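Since the model is a prediction, treat every value here as computed from it, not as a measurement. The chains referred to below are lettered A, B, ... by the order of the sequence lines, with proteins before strands, and numbering in each begins at 1. Below, all heavy atoms of this structure are taken into account, side chains as well, without hydrogens, waters or symmetry copies.
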Amino acid sequence: MAQVSMTVNGKSVSGDVEGRTLLSSFLRDHLSLTGTHVGCDTGQCGACVVHVNGESVKSCNMLAVEADGAEVGTIEGQANPDGSLNVIQQAFQEHHGLQCGFCTPGMVMSAAALLKENPKPTEAEIREYLEGNICRCTGYHNIVKAIMAASGQDVGAIAAE
Amino acid sequence: MYSFEFEKPSTIAEAVAALGAEEAQALGGGQTLIPTLKQRLAAPAKLVSLSGIAELKGVCVEDDGALAIGGGTTHATVAREAADKYPALADLASHIGDPAVRNRGTIGGSLANNDPSACYPAAVLASGATIRTNSRDIAADDFFQGMFTTALADGEIITSVRFPVPQAANYQKFLQPASRFALVGVFVARFADGVRVAVTGASEDGVFRWTEAEQALSADFRPDAVKDLKVDPSGMIGDLHGSKEYRAHLVGVMTRRAVAAAG
Ligand SMILES: Cc1cc2nc3c(=O)[nH]c(=O)nc-3n(C[C@H](O)[C@H](O)[C@H](O)COP(=O)(O)OP(=O)(O)OC[C@H]3O[C@@H](n4cnc5c(N)ncnc54)[C@H](O)[C@@H]3O)c2cc1C
Ligand code: FES
Ligand code: FES
């Protein structure tokens with residue numbers, strides 16, 4: 001067992017974990033932050049994407065001990081301080097960027113990382129950035145629309161499907 | 001995943017010492033190793049994380065103009081920091097997997113793993129790069145020894161990779177859309193003294209140099225120079241994603257595209 005300490009959504013947390021404990025399981029099972037979803041547990045689907053020191057990572061593909069001392073951001077930390085949805089979350093709601101919602105935490109975290117790096121992405125850039133986030137419901141179209149809208153761009157330009 | 005001890009040294013010397021233990025294994029970005037541990041295809045007694053070693057990270061230009069990339073440098077960092085020094089290499093790094101994979105996965109991990117469909121081995125072989133470890137320098141031509149096999153000894157760490165920068169180069173990856181690895185990938189590099197062509201994703205022996213194409217392109221660096229060359233399908237990978245013949249055909253197509261794009 002090893003002690004790990006990190007900042008999660010601005011709060012200091014610590015816990016005892018085994019070497020093999022994944023960051024996804026530390027967040028979900030130790031901290032009860034179950035907004036981070038585990039879809040595939042193989043690094044393929046992106047449902048488990050969180051931010052570690054500001055960068056998107058797949059939390060099922062990182063050991064909790066590797067995040068010792070890091071700043072971690074999860075979907076639970078995305079809403080505005082008053083509890084209302086942030087711009088990206090609001091855009092997902094308005095543009096029907098989710099159906100079952102399973103992929104959504106990862107999609108929102110990836111979208112946030114994209115917009116930090118590239119505040120006005122093109123449709124092609126959004127689609128490429130989301131290559132590691134799989135959605136089995138929406139067909140991606142409304143997710144792309146939502147991210148365009150969240151970045152303050154006109155979504156009319158994206159052909160309706 | 002079986003349980004293991006975990007150690008996170010902060011220098012190469014400490015990591016080498018820690019890897020001297022029975023059944024110890026290095027952990028780079030974990031993008032290949034963690035899924036492998038989950039499947040119980042590897043069961044190290046101890047994992048030695050390389051992520052806390054500052055001297056393994058970064059991209060720098062050496063006195064003779066070659067580009068040296070630390071073994072623990074992530075794909076995302078190479079994509080950013082090599083962009084103006086070796087654009088074809090940065091472009092290759094920027095298309096490995098997806099952004100989250102690129103933020104963790106490292107060049108050292110990719111080369112040590114030597115997946116037959118991985119991208120970096122093609123760049124390293126085509127550039128005639130040198131793999132530097134904690135104990136020696138290994139030429140790219142000696143490093144890759146068949147699928148998932150390299151010249152590395154147990155516990156040996158890739159500390160950096162030294163790339164001579166070509167006059168012109170390009171990597172063309174025919175995407176295997178499910179894995180996001182290369183179904184076939186070709187890296188073409190043109191140096192003052194000749195052209196090198198390395199192919200990944202295609203052969204049952206892993207990455208290889210296509211020497212006929214190298215000769216033809218060294219004489220005449222145009223896509224047409226290789227249009228009549230054929231690759232023998234017999235040693236190619238054949239699976240549900242593509243037959244041997246299909247991959248052999250793609251080697252030619254990707255080579256021509258790479259030459260056209262390198263200009
Ligand atoms: C969804 C997904 C898509 C991917 N797509 C691609 C792709 O398109 N192209 C591609 O090339 N790769 C792809 N990869 C693989 C990715 O590039 C990995 O990051 C890489 O193969 C392994 O690097 P790592 O740092 O994560 O190493 P790890 O997984 O930590 O380690 C891999 C192996 O290397 C050893 N090792 C690690 N670092 C060193 C070192 N410095 N010296 C010696 N040995 C070391 C480890 O002991 C282990 O045996 C993908 C991976 C995923 C999960
Ligand atoms: S659960 Fe981590 S990538 Fe699918
Ligand atoms: S909304 Fe169901 S998986 Fe994306």
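Contact annotation for Leu114(A): neither backbone nor side-chain heavy atoms come within less than 4.5 Å of a heavy atom of chain B. For chain A, no part of Leu37(B) is nearby; none of its heavy atoms comes within less than 4.5 Å. Of the atoms belonging to Ala178(B), it is backbone heavy atoms, and not side-chain ones, that fall under 4.5 Å from chain A. With a threshold of 4.5 angstrom between heavy atoms, Glu55(A) approaches chain B through its backbone and through its side chain. For Leu27(B), the part lying under 4.5 angstrom from a heavy atom of chain A is the side chain only.
Going from atom CZ of Arg40(B) over to atom NZ of Lys38(B) covers 13.0 Å, rounded to the nearest 0.5 Å. Distance check, rounded to the nearest 0.5 Å: CD1 of Ile158(B) to CZ of Arg132(B) gives 13.0 Å. Going from atom SG of Cys60(B) over to atom CG of Leu67(B) covers 7.5 Å, rounded to the nearest 0.5 Å.
Among Glu7(B), Lys8(B), Arg180(B), the residue with the largest count of heavy-atom pairs under 4.5 Å with chain A is Arg180(B). When each of Val49(A), Asn133(A), Asp41(A) is scored by its heavy-atom pairs under 4.5 Å with chain B, the top score falls to Asp41(A).
At a threshold of 4.5 Å between non-hydrogen side-chain atoms, the residues Tyr246(B) and Phe174(B) count as touching.
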Report the C-alpha separation of Lys145(A) and Glu123(A) in whole Å, then their side-chain angles, then the decisive distance to 0.1 Å, and conclude whether the salt bridge (charged side-chain N to carboxylate O under 4.0 Å, His left out) test is met. CA-CA 8 Å; Lys145(A) 253 189 179 169; Glu123(A) 178 182 348; over 6 Å; no
Report the C-alpha separation of Asp16(A) and His30(A) in whole Å, then their side-chain angles, then the decisive distance to 0.1 Å, and conclude whether the side-chain contact (heavy atoms from CB on, under 4.5 Å) test is met. CA-CA 9 Å; Asp16(A) 287 321; His30(A) 294 240; over 6 Å; no
